[in-house]
Every structure is written in C-alpha cells, then in structure tokens.
Amino acid sequence: NLDKKQVIVGNGTAELLAFIPSIYQLKEAIICDPSYADYEKVLVNNAINLSRVALLPANNFCLNINELENKMSKMVSPAGVILGHPNNPSGACLDYESIMDLIVRYSHVLFVIDEAFIDFVPGVKSFKAQILPNMLVLCSMTKIFALPGLRVGFALAAPAVVEKFEQYLPAWSVNQL
C-alpha cells in the first residue's frame, strides 16, 4: 500500500545511490566495513568525508549500534549513514528497532537503507513499511526476479525526496519491455 509519490524508479539501485550526494549535498557519511563497494566509491568520488564502523567476526558481523551512534553524534549536517539490510557481503541484518530509534532521534541525518538482498532472508523486518522524511530505502528488482541483464531498482522515500530525485534523474533512465 504505497503511495506512488513515495517511489523513485531507477536504472538499478546503483544509479539511485550515485545521485544521493548531489541531491543531499552531503559533507560526511558513515558506512560499515565490510560493505558493498559502491557505497565507498560514490562517497569518495564526491569528496565526502567518510567514516566507517567495523563489522567484526567476533560479533557475527552485526552492527554495533553504540559505535554507530558515537560516530553519528560527531557529524555535522548535511550527513548520511548508508547501511545494508542485509549487509553485503556478510549477510548480517540490522536491528530494526535500534535503527528506527536512531532515524527518529537523528532527524538531521539521512539514513539510506539498502534492502537489495532482503527478499533472500525470510522473516526479516523491512524498513519499507515506515518511511520517515530522513530515510531512503533502496530496493533491487534485478536480484529477486533474476534479471541480471536488466538494471531495475527503486527507492522509497518521502514525497519531497522523490521530487528532488525527479529533478536529477535522466528522463529515460528505465526502459519499457
């Protein structure tokens, strides 16, 4: 039951991710280490100050919420946090309640939740159900529908965010079959 004003369609989630620094004018961001290489690539290519939170084997590669919050408390706006849910490559999922608590309390920080692989993890709670103004949920159709030759992804966000994306994205970034 999504409002179409909350949906941004792109040529894969990588295209949507690439536009985030321009749209939000990010100055700094936090990612997990290890994580999907394109997070770092996009941030570095846009000269964004990058911090990392280590995902350690001793903690089953799960995100340490206290460490993340400690780093977030020192961030200056505009700032962002990019998290995989589940993380790529570890497969560890986020603690939904803890992350939602951070999203609410740090309303000046953009949270990008990448759910490209969530459909492969049964029983995991998605962030798609509750979209707040400072969050963007990336979703891939390429993976779950086995469409490796087609780049199709979408993001869910507040309507104002969708309007900003529409100003930046190419007019025909996704084809029709």
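- Judged purely by atom type and a 3.5 angstrom limit, Asn46 uses its side chain to pair as donor or acceptor with the backbone of Val42.
- In the hydrophobic clustering of ILVMFWY residues, with side-chain heavy atoms under 4.5 Å counting as a link, Val76 and Tyr24 come out apart.
- With Asp95 contributing its side chain and Ser98 its backbone, the two residues share a donor-acceptor pair below 3.5 Å.
- Rounded to the nearest 0.5 angstrom, Ile113 CD1 and Leu138 CG are separated by 9.0 Å.
- Remark: Lys143 is not positioned above the aromatic ring of Phe120, lacking an NZ or CZ atom under 6.0 angstrom from the ring centre and at most 45 degrees off the axis.
- Between Asp38 and Ala14, the shortest heavy-atom contact is OD2-CB, 4.0 Å.
- Annotation: cation-pi geometry not satisfied between Lys164 and Phe19 (NZ/CZ under 6.0 angstrom from ring centroid, within 45° of ring axis).
- Under the 3.5 Å distance criterion, the side-chain polar atoms of Asn134 are matched with a main-chain donor or acceptor of Tyr106.
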Where do Cys93 and Val121 land on the side chain to side chain contact (heavy atoms under 4.5 Å, CB included) test, with the steps shown first?
-> CA-CA 9 Å; Cys93 293; Val121 185; 4.0 Å; yes
Criterion side chain to side chain contact (heavy atoms under 4.5 Å, CB included) on Val152 and Asn11, from CA distance to verdict | CA-CA 5 Å; Val152 183; Asn11 189 358; over 6 Å; no
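- From His108, atom NE2 reaches atom CG of Leu110 across 11.5 Å, with rounding to the nearest 0.5 Å.
- Taking each heavy atom of Lys128 and Leu156 in turn, the nearest pair found is CG-CD1, 3.4 Å.
- Val104 and Leu83 fall within a single hydrophobic cluster, where Ile, Leu, Val, Met, Phe, Trp and Tyr are joined by side-chain heavy atoms under 4.5 Å apart, directly or via other members.
- Within the 3.5 Å criterion, the main-chain N or O of Asn66 finds a donor-acceptor partner in the side chain of Asn64.
- In this structure, Glu115 contributes its side chain and Phe127 its backbone to a donor-acceptor pair below 3.5 Å.
- Atoms CD1 and CG, from Ile82 and Leu17 in turn, are 5.5 Å apart once rounded to the nearest 0.5 Å.
- Between the side chain of Lys71 and the backbone N or O of Arg52 there is at least one donor-acceptor pair closer than 3.5 Å.
- Between the Ser73 side chain and the Asn70 main chain, a donor and an acceptor come within less than 3.5 Å of each other.
- To the nearest 0.5 Å, atoms CG (Leu102) and CE (Met72) are separated by 5.0 Å.
- Under a hydrophobic-cluster definition in which Ile, Leu, Val, Met, Phe, Trp and Tyr are linked whenever side-chain heavy atoms come within less than 4.5 Å, directly or via other members, Ile31 and Ile23 are assigned to the same cluster.
- Using a 3.5 Å distance cut-off with no hydrogens or angles, the side chains of Asn87 and Ser90 do pair a donor with an acceptor.
- Nearest approach of Val124 to His85, heavy atoms of both residues: CG1-NE2, 3.3 Å.
- The nearest pair of heavy atoms linking Val81 to Val109 is CG2-CG1, 3.8 Å.
- Here the side chain of Asn45 pairs a donor or acceptor atom with the backbone of Lys41 at under 3.5 angstrom.
- Scanning all heavy atoms of the two residues, the minimum distance from Ala155 to Leu16 falls at N-CD1, 3.7 Å.
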Test Val53 against Ile30 for side chain to side chain contact (heavy atoms under 4.5 Å, CB included), laying out the working first.
-> CA-CA 7 Å; Val53 175; Ile30 299 171; 3.8 Å; yes
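- A salt bridge links Glu69 and Arg105; the closest N-O separation between the charged side-chain nitrogens and carboxylate oxygens is under 4.0 Å.
- Phe111 and Leu55 fall within a single hydrophobic cluster, where Ile, Leu, Val, Met, Phe, Trp and Tyr side chains are chained together by heavy-atom contacts under 4.5 Å.
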Ile8/Glu166 under side chain to side chain contact (heavy atoms under 4.5 Å, CB included): CA gap, chis, key distance, verdict | CA-CA 8 Å; Ile8 308 155; Glu166 289 172 347; 6.0 Å; no
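- A side-chain donor-acceptor contact under 3.5 Å links Tyr39 and Asp114.
- Between Tyr168 and Phe165, the distance separating the two ring centers is not shorter than 6.0 angstrom.
- In terms of hydrophobic clustering, with Ile, Leu, Val, Met, Phe, Trp and Tyr side chains grouped at heavy-atom distances under 4.5 Å, Leu132 and Ile65 are assigned to a common cluster.
- Closest non-hydrogen pair, Ala157 versus Leu136, comes out as CB-CD1, 3.4 Å.
- Atom-to-atom distance recorded for Ile99:CD1 and Met135:CE is 10.0 Å, nearest 0.5 angstrom.
- Cys32 pairs in a side chain to side chain contact (heavy atoms under 4.5 Å, CB included) with only one of the listed residues (Leu94, Leu63, Asn88), which is Leu63.
- Looking only at atom types and distance, the side chain of Ser51 has no donor-acceptor partner in the side chain of Glu28 under 3.5 Å away.
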